[in-house]
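Everything below concerns the one structure shown next.
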Amino acid sequence: MTAPTLESNEPGSGPITAPTALDPEWVRRLCLQAVASPRAQRHLTQTPLTGNPLADIPLSTPEDVDIALSGARMAQRSWAYLPVESRAAILLRFHDLVLAHQRELLDLIQLESGKARLHAFEEVIDTCNVARHYGIRARSYLRPRRRPGAVPGLTKVVEHRRPKGIVGIVSPWNYPLSMGITDALPALVAGNAVVLRPDLQTPLTALLAAELLQRAGLPQRVLQVVLGPGSTIGAAVLAGADAICFTGSTPTGRRVGAAAGERLQSMSLELGGKNAMYVADDADLDRAVEGAVRACFSSAGQLCVAIERLILHRDIAQAFLARFIPAVQALRLGPNLTYDADLGSLVSGDQLSIVSRHVQDARARGAQVLTGGRHRPDLGPYFYEPTVLDGVTADMEVYRTETFGPVVSVYRVGGDAEAIRMANDSEYGLNASVWTADLTRGRRIAGLIQAGTVNVNEGYAAAYGSSAAPMGGYKASGVGRRHGDDGILKYTQAQTVAVQRGMGLGVPPGLPPQRYAALVSGGLKVMRAMRRG
Ligand code: NAD
């Protein structure tokens, strides 16, 4: 594989030192991975780091989506026929290739999304975790299972897990590698083909991941990538698939879910959040501050599980803020493709205007900006300072609406019950975090918070990074789960094969029905007594 050739700005030409262009020939070859006609309309992507053009990519048409779907349909049959061990081996080889090619992947993630390199590296970790987990565990998740039969000894029952067929995936821009490919991995290893529509802002990272999967041994057409707008091409992918996996905002998720419901498709929807972190009065404040900085500002807050509400026990609020605010102010913003910036850019002008609007609205209604609150065009077109708000009230937009940016609001409470009430006062329920020295207290609070993942003494990475355990949303944060058994079994359909031996299940010839009913009633009582479930 040829590494992307990056042109760096001349040293000394200003504070922006990010590379600004990719080798067009490399981009052209990468785009051959996508299903798009040679005469396709073109789309020019830009890098949020500088606002400069990045890549000229082809746009798939609805006819291209049909070609992708029918190609996937044909390829799926022989793919599903392979032993699960052979499919799993491809995931493990992909894991190794991701690590081997991480420099190219990190460059692309940063160029397409604008995030800092360390945050891009989190995507490499996540992708490897998921590939390793399903590469090693798929066989056990998918193995046929004996189940107790209707008549003990005579009905032999086996539950099989069959692939759904084609899984349609629409992924957003915020985690171009992780969201772009990790939901496809369990679908593939379960014997499905996948048609993937990555976000138009970040297509190259997904295409590079698709190329690495091919290099790992994935047969042609088992994973098809199409490029285009969500409302047309994304919608067409979902319409033609047997099962869908959508990641994005709750309003779009509702529309996608309604259409999938109409088609009776199985769906998983990974949607928005307004995630809360509670710091109790006995928490280790140094650790809590470090965890809060990471959880609020990773990927400049454009992370579905990022913390946007910081709920502090009144007794430690002042001490916490005295450490938290300087730690936030010490974060270094920058566009470099190196590890020397702590925070990157927002992804686009749209994201910048949402973030600016939330902060302006809060300010205008009386909130105080403890730090940040400024657009930083001197660093790049969409950079925004990490921002901490105090005095936020329910009439402010930032109180309930997901910002999806580097903005956190501080609230103070008198105890655990009030903290739990406040954490649950949201239509969302994606992620939450609790900090306390008393782990029993932490687990008790976690059990009362309405969120799909709750981290004790960590902001988000403990739960998200545990690929063996499900993650997803309560309430308006989604339907279904990724990771763990849910994350693979959702791409399968159960088929129960029951073999009846010996006597049949009807009334035996010559036996009066009344006698039959009495015999079966006796049998039911025996099974109940033997606790046979
Ligand atoms: P969005 O809903 O505007 O778009 C998400 C994706 O859906 C985009 O790629 C878009 O092109 C596509 N799309 C739009 N209309 C569509 C349609 N009718 N059919 C199919 N696809 C369509 O969201 P966004 O602002 O781009 O992404 C950020 C949101 O994603 C945030 O709310 C964030 O919390 C959420 N998110 C959730 C998770 C999770 O795991 N729960 C992970 C990442 C992001």
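This chain uses plain numbering: 1 for the first residue, then up along the sequence. Just follow the structure's listing: the first ligand is 1, and inside any ligand the first atom is 1. Every heavy atom of this structure was used, including side-chain atoms; hydrogens, water molecules and symmetry mates were not. What you see is a predicted model, and the numbers here were worked out from it, not measured in a lab.
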Thr250, any N or O under 3.5 Å of ligand 1 N or O: no
Exercise: do Asp350 and Ser348 side chains pair donor with acceptor under 3.5 Å: no
Atom indices of ligand 1, in the order listed, that fall short of 4.0 Å to a heavy atom of Leu271: 34 (O), 37 (C), 38 (C), 39 (C), 41 (N)
Atoms in ligand 1 with a heavy atom of Leu430 nearer than 4.0 Å: 41 (N)
Short side-chain donor-acceptor distance under 3.5 Å, His358 and Thr403: yes
Cation-aromatic face contact Lys115/Phe121, 6.0 Å, 45 degrees: no
Arg255 N/O to ligand 1 N/O under 3.5 Å: no
Other residues, nucleotides, ligands: >12 heavy atoms within 6.0 Å of Glu427 CD: yes
CG-CG distance between Leu213 and Leu196, expressed to the nearest 0.5 angstrom: 10.5 Å
Protein heavy atom at shortest distance from atom 26 (O) of ligand 1: Trp173 NE1, 2.8 Å
Short N or O distance, Thr252 and ligand 1, threshold 3.5 Å exclusive: yes
Min heavy-atom dist Ser171 to ligand 1 below 4.0 Å: yes
Interfacing atoms of ligand 1 (cut-off 4.0 Å, heavy-atom, Val170): 7 (O), 12 (C), 21 (N)
Subset of ligand 1 atoms that lie under 4.0 Å from at least one heavy atom of Arg197: 8 (C), 9 (O), 10 (C), 11 (O), 12 (C)
Closest approach of any protein heavy atom to atom 20 (C) of ligand 1, naming residue and atom: Gly230 O, 3.4 Å
Which segment of Tyr175 sits under 4.0 Å of ligand 1 when only heavy atoms are counted: neither
Under 3.5 Å: N/O of Gln351 near N/O of ligand 1: no
Ligand 1 to Phe404 polar contact by distance, N or O atoms, under 3.5 Å: no
Residue pair Leu212, His101: steps toward the side chain to side chain contact (heavy atoms under 4.5 Å, CB included) verdict: CA-CA 9 Å; Leu212 293 179; His101 290 282; 3.7 Å; yes
Parallel, tilted or perpendicular: rings of Phe324 and Phe297 (30°, 60°): parallel
Side chain, backbone, both or neither: the part of Asn174 lying under 4.0 Å from ligand 1 by heavy atom: side chain
Heavy-atom pair with the smallest gap, counting every atom of Thr387 and Tyr384: OG1-CE2, 3.4 Å
Val256 contact mode with ligand 1 (heavy-atom cut-off under 4.0 Å): side chain
Full working for side chain to side chain contact (heavy atoms under 4.5 Å, CB included) between Met179 and Arg482: CA-CA 11 Å; Met179 293 294 109; Arg482 61 164 59 96; 3.4 Å; yes
Min heavy-atom dist Phe246 to ligand 1 below 4.0 Å: yes
Gln302, portion touching ligand 1 at heavy-atom distance under 4.0 Å: neither
Met179 N/O to ligand 1 N/O under 3.5 Å: no
Backbone or side-chain N or O of Arg482 under 3.5 Å from ligand 1 N or O: yes
Winner among Ser268, Ala260, Cys304 once heavy atoms are compared against atom 38 (C) of ligand 1: Cys304
Atom CZ of Arg117 with >12 non-hydrogen neighbours under 6.0 angstrom: yes
Nearest-0.5 Å distance, OH of residue Tyr134 to CG of residue Leu142: 10.0 Å
Atom 18 (N) of ligand 1: nearest protein contact (heavy atom, Å): Ser231 CA, 4.0 Å
Between Ser266 and Tyr491: side-chain donor-acceptor atoms closer than 3.5 Å: no
Partners meeting ring-ring contact (aromatic ring centres under 6.0 Å, His included) with Tyr399 (sequence neighbours left out): Tyr411
Nearest neighbour in protein (non-hydrogen) for atom 35 (C) of ligand 1: Gly248 O, 3.1 Å
Under 3.5 Å side-chain donor-acceptor pair for Asn129 and Arg132: yes
For Gly234, atoms of ligand 1 separated by under 4.0 Å from a heavy atom: 20 (C)
Protein heavy-atom partner closest to atom 34 (O) of ligand 1 - residue, atom, separation in Å: Glu402 OE2, 2.6 Å
Val237 and ligand 1 - part of the residue with a heavy-atom distance under 4.0 Å: neither
